[in-house]
Amino acid sequence: LAPPAAWDHVQVDQHTAVHAHVMSTLVGNFLTAAYSETNAHCAEWSRIAPLLQKVGLLFALSQLCASGDFLETAFLRPEQMELARGAVRELETELAGEAVGLVDAFWFSDLQLASAIGRYDGEA
């Protein structure tokens, strides 16, 4: 292929690679901070850290499950993907009781979420 045609031919793959790199960096940095002992002296941290860790893992696994690239490239086997989906379901169940609190903590409005998940006072 001529260089311009070759460039056009690989642009989708480049986009996929860039997206994977950005997600890897984002998840890695978030989980490093969530598991960090830097804030261990803070009384609230011991209460918040496990929740942030679960949210980070849920995000990472959700992204992994949403992308067919891991199966397409044989990076993961189907049974490994099913384990990831099971972990997502388990984390969703564990975090369900925290949904209203998480939404309120980040000041997301029901309008932004297109959902009537709860009220500002924490009542669902």
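For clarity, every value in this text was computed on a predicted model and none was experimentally measured.
Residue Val55 is grouped with residue Ile48 when hydrophobic side chains (ILVMFWY) are merged at heavy-atom distances under 4.5 angstrom, including chains of intermediate members. Cluster annotation: Leu52 is connected to Tyr35 through the hydrophobic network of ILVMFWY side chains, with a link wherever side-chain heavy atoms come within less than 4.5 Å. Linking ILVMFWY side-chain heavy atoms closer than 4.5 Å, directly or via other members, places Leu51 and Phe106 in a single hydrophobic cluster.
Contact annotation: the side chain of Leu57 never approaches that of Phe30 to less than 4.5 Å [non-hydrogen atoms, C-beta and beyond]. Counting only heavy atoms from C-beta outward, the side chains of Leu58 and Glu92 approach each other to under 4.5 Å.
The main-chain N or O of Thr32 is never found under 3.5 Å from a side-chain atom of Ser36 such that the two would form a donor-acceptor pair. A distance-only check finds no donor-acceptor pair linking the side chain of Ser24 to the backbone of Ala20 [under 3.5 Å]. When atom types are taken as modelled, the side chain of Gln80 and the backbone of Arg77 share a donor-acceptor pair closer than 3.5 angstrom. In terms of modelled atom types and a separation under 3.5 Å, the side chain of Ser67 and the main chain of Leu64 share no donor-acceptor contact.
Residues Met23 and Phe59 come closest through the heavy atom pair CE-CZ, 3.2 Å. In this structure, Trp45 and Asn39 approach most closely via the heavy-atom pair CB-O, 3.1 Å. Taking both residues in full, the closest heavy atoms of Leu61 and Ala87 are given as CD1-CB, 3.6 Å, listed atom of the first, atom of the second, then distance. Summarising the geometry of Val88 relative to Ser62, their closest heavy-atom pair is CG2-N, 3.9 Å, with the distance given to 0.1 Å.
Remark: Glu82 engages Arg85 in a salt bridge, criterion side-chain N to carboxylate O under 4.0 Å.
Between the CE atom in Met81 and the CZ atom in Phe75 there is a gap of 10.5 Å [rounded to 0.5 Å]. Once rounded to the nearest 0.5 Å, the distance linking CZ of Arg89 with OG1 of Thr93 reads 9.0 Å. One distance of note links CD of Gln63 with CG of Leu26; it measures 8.5 Å at 0.5 Å rounding. Taken from CG in Leu95 to CD in Glu90, the straight-line distance is 10.5 Å, to the nearest 0.5 Å. Expressed to the nearest 0.5 Å, how far CG of Leu31 lies from CD of Gln53 amounts to 8.5 Å.
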